[in-house]
Protein chains: 2
Amino acid sequence: MKKKAGVTLVDVAKLAGVSVMTASRALSGEGYSSEETKAKVQAAAKQLGYIPNALARMMKGAKTNVIGVVVNDLSSSVVNCFVTALSEEVRKVDMDLFIYNSLGDMGGGKGKRLSQMLHGLWDGLVYVLPRMTDDYLETLEKSTSPIVMINYFRHETSLPVVGGDNVNGARDAVSYLLELGHRRIAFVRGSAYTGQSDLRERGYAAALAEAGIALDPELICEGNFQEQMAMEGTRKLLALADPPTAIFAASDAMALGCFNAIREKGLRIPQDISVIGFDDIPAAAMAQPPLTTLRHPFEAMAQAAVQELMRRIKGEPGRRHRIEFPSELVMRESTGPAPAAMPAKRSRARQV
Amino acid sequence: MKKKAGVTLVDVAKLAGVSVMTASRALSGEGYSSEETKAKVQAAAKQLGYIPNALARMMKGAKTNVIGVVVNDLSSSVVNCFVTALSEEVRKVDMDLFIYNSLGDMGGGKGKRLSQMLHGLWDGLVYVLPRMTDDYLETLEKSTSPIVMINYFRHETSLPVVGGDNVNGARDAVSYLLELGHRRIAFVRGSAYTGQSDLRERGYAAALAEAGIALDPELICEGNFQEQMAMEGTRKLLALADPPTAIFAASDAMALGCFNAIREKGLRIPQDISVIGFDDIPAAAMAQPPLTTLRHPFEAMAQAAVQELMRRIKGEPGRRHRIEFPSELVMRESTGPAPAAMPAKRSRARQV
DNA sequence: TTGAAAGCGCTAACAT
DNA sequence: ATGTTAGCGCTTTCAA
């Protein structure tokens with residue numbers, strides 16, 4: 001296989017009886033060319049089944065008109081929501097979008113390959129909920145390609161970050177539960193990679209502090225943003241001597257895991273126990289009962305990310321280093337008033 | 001911006017005091033080069049922060065080592081399962097994988113752009129559950145690039161197709177319900193794009209025919225593979241004078257939609273009504289009750305697709321034109337014996 | 001309006 | 001073990 005089977009512009013030009021350059025112009029519409037030659041060239045192109053080689057075109061102009069999105073875990077609903085929103089935004093600015101699934105491997109192992117792909121193929125990159133080593137982040141910061149991150153709070157970084165307001169979102173969630181009369185409110189953590197879980201926990205602690213309720217370490221349970229682990233954690237929570245009357249899960253997926261553990265025990269949501277999530281993934285609205293949660297403005301965030309990226313691609317200065325979007329409390333049916341407390345429990349709850 | 005900011009191999013070679021070619025060899029490890037120069041060049045590359053331009057490299061060898069996956073709807077769980085499985089398979093053969101989300105637009109509108117991207121960037125393409133116009137399919141068939149499709153049955157095609165055995169899977173599903181004593185079995189259709197829904201419906205019809213039960217058009221309801229529409233359809237099904245005792249949904253997502261409508265009516269699954277899905281997406285196992293369904297062997301199918309694609313990329317003849325994988329019945333808790341029939345209904349059911 | 005030449009960054013093939 | 005030449009397919013000069 002010496003030659004790539006494809007038809008090249010040279011072939012088209014030859015058939016049309018013009019120079020390569022003329023053919024190029026006729027097909028791209030850039031520069032001048034008579035209607036006549038244009039028609040002739042287009043006919044030739046069609047006849048030969050000519051398809052321009054994207055690579056070669058990209059090599060010249062520094063622009064590829066492609067934006068890359070890097071994710072670690074495509075099966076995450078949140079990631080999915082962002083990717084879908086980004087796809088639509090990118091289309092609006094007339095670029096193409098390719099998604100690269102690093103399968104959780106960013107910086108370790110073969111991560112090197114990714115950072116190589118990084119170059120030349122894209123005009124810019126969006127990292128969605130990235131999960132990267134510190135080394136990798138450093139490499140990225142040094143890179144000259146335009147980069148924007150979505151929801152990365154693990155470290156301070158010089159890269160632009162578009163994110164939700166996790167602290168205030170979480171505070172709102174917990175305040176809402178407090179208003180409903182809950183006092184024993186559990187928190188299910190997510191994994192630490194993006195730093196979001198920590199912020200949400202901070203909001204949780206802040207709301208409790210404002211209400212004068214001491215933090216009970218028993219009520220904080222480990223999680224990884226996924227259903228399974230939240231289910232296991234909730235089982236333990238429910239087995240506590242003084243179990244919570246409400247659970248704030250750091251993600252909707254985990255909130256749905258809580259649902260399962262709660263039902264398993266024969267308890268009702270929200271009569272016996274309230275559950276509130278974070279993110280507002282599609283499954284939240286479809287759950288039984290529909291899940292109360294905090295909504296990320298996915299579309300707005302995607303738009304901001306793309307705009308910021310385009311600005312950098314065009315060489316304009318970035319507008320802001322960090323863009324935060326407030327999360328909106330979506331009240332559905334998984335939250336309700338705290339159940340009337342039993343005397344024994346009441347006394348224990350008060351002791352704090 | 002005349003020059004791309006990036007450091008090129010020329011810069012590295014200059015700094016290291018060697019020729020470009022030597023630098024190339026030292027970095028790639030191909031061909032001979034002394035340890036000394038290798039070290040020198042690598043140091044220079046590191047110092048300058050050199051990143052090879054993927055594009056330029058691709059232009060030479062006809063191979064890009066990239067496989068593209070084209071999907072219409074990334075938010076579909078089934079698509080997601082395939083993409084994830086493909087990502088892993090592709091990694092095993094040491095290629096990279098990029099995902100292109102056509103957002104439902106394949107052949108119409110800007111579809112042209114996609115088919116252009118097709119060229120040069122990829123060594124091969126996998127279309128997952130494609131949703132394309134006939135024109136587009138024809139273009140693809142004429143294309144010289146290696147292409148494999150997953151679960152496309154809409155038309156006969158010369159392209160290799162890796163697919164599940166929809167007819168027999170559906171037949172198994174319905175046979176199972178029949179064994180459980182169900183006689184009024186509804187079917188919720190999916191959208192027609194890939195042709196899978198039709199095949200599943202055929203299996204449904206076949207199983208009923210084998211059991212000597214006539215098809216009741218009232219029991220067949222429209223759907224689009226998604227939760228919402230199945231929910232609406234199920235409401236109508238349940239409002240029927242002689243409602244079904246079991247529902248076979250053409251996808252898990254729809255089966256979960258059925259769940260909602262059933263619960264809404266205060267009915268229990270599976271005591272009052274059984275539900276069976278198709279695909280075995282992750283949410284199926286986590287549902288309440290866990291959903292009985294037909295499992296696609298995602299991993300095996302992804303592997304077959306990648307292997308077939310690699311064979312074509314390497315210029316070897318494709319092994320098979322069409323590779324089918326049987327679906328496996330996964331019995332969970334959403335199916336149970338048919339409820340004892342009421343006299344009135346019994347008689348109607350018998351009339352067929 | 002068209003054409004010729006140059007070169008993007010890299011590597012295969014052939015020298016040295 | 002290293003350097004030189006040439007060329008991938010296209011577009012950006014510049015000249016006609």
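Each chain gets a letter, A, B and so on, in the order its sequence line appears, and its residues count up from 1. Keep in mind that the numbers below use all heavy atoms, side chains included, and drop hydrogens, waters and symmetry copies.
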query = Would B/Thr133 and B/Asp135 count as having a side-chain donor-acceptor pair, cut-off 3.5 Å?
reply = no
query = Any luck finding a side-chain donor-acceptor pair between B/Asp96 and A/Tyr100 under 3.5 Å?
reply = yes
query = In terms of the angle between their ring planes, are A/Phe298 and A/Phe82 parallel, tilted or perpendicular, with boundaries placed at 30° and 60°?
reply = perpendicular
query = A/Phe98 vs B/Trp122 aromatic rings, parallel, tilted or perpendicular, using cut-offs 30° and 60°?
reply = perpendicular
Value in whole Å for how far the [atom2] atom of [N] lies from [atom1] of [X]:
{"X": "B/Asp11", "N": "C/dC8", "atom1": "CG", "atom2": "P", "result": "11 Å"}
{"X": "B/Lys14", "N": "D/dG3", "atom1": "NZ", "atom2": "P", "result": "15 Å"}
{"X": "B/Leu48", "N": "C/dG9", "atom1": "CG", "atom2": "C1'", "result": "15 Å"}

inquiry  = Let's see if you get this right: which residues in residues 34-44 of chain A place a heavy atom under 4.0 Å from DNA chain D?
reply    = none
Which listed nucleotide ([options]) is nearest to the side chain of [X]?
{"X": "A/Asn53", "options": "D/dC10, C/dA4, C/dC10", "answer": "D/dC10"}
{"X": "B/Tyr32", "options": "D/dT2, D/dG9, D/dT11", "answer": "D/dT2"}
{"X": "B/Met21", "options": "D/dT2, D/dG3, C/dG3", "answer": "D/dG3"}
{"X": "B/Thr22", "options": "C/dT1, C/dT11, D/dG3", "answer": "D/dG3"}
{"X": "A/Ser24", "options": "D/dA1, C/dA12, D/dT11", "answer": "D/dT11"}

ask   = Mapping A/Leu9 and A/Arg25 onto DNA chain D by nearest heavy atom, which one lands closer to the 5' end?
value = A/Leu9
request  = In plain terms, say whether B/Glu89 and B/Arg91 are close enough for a salt bridge, that is, a side-chain N and a carboxylate O under 4.0 Å apart.
outcome  = no
key: Carboxylate-amine/guanidinium contact B/Lys38 B/Glu36, below 4.0 Å   = no
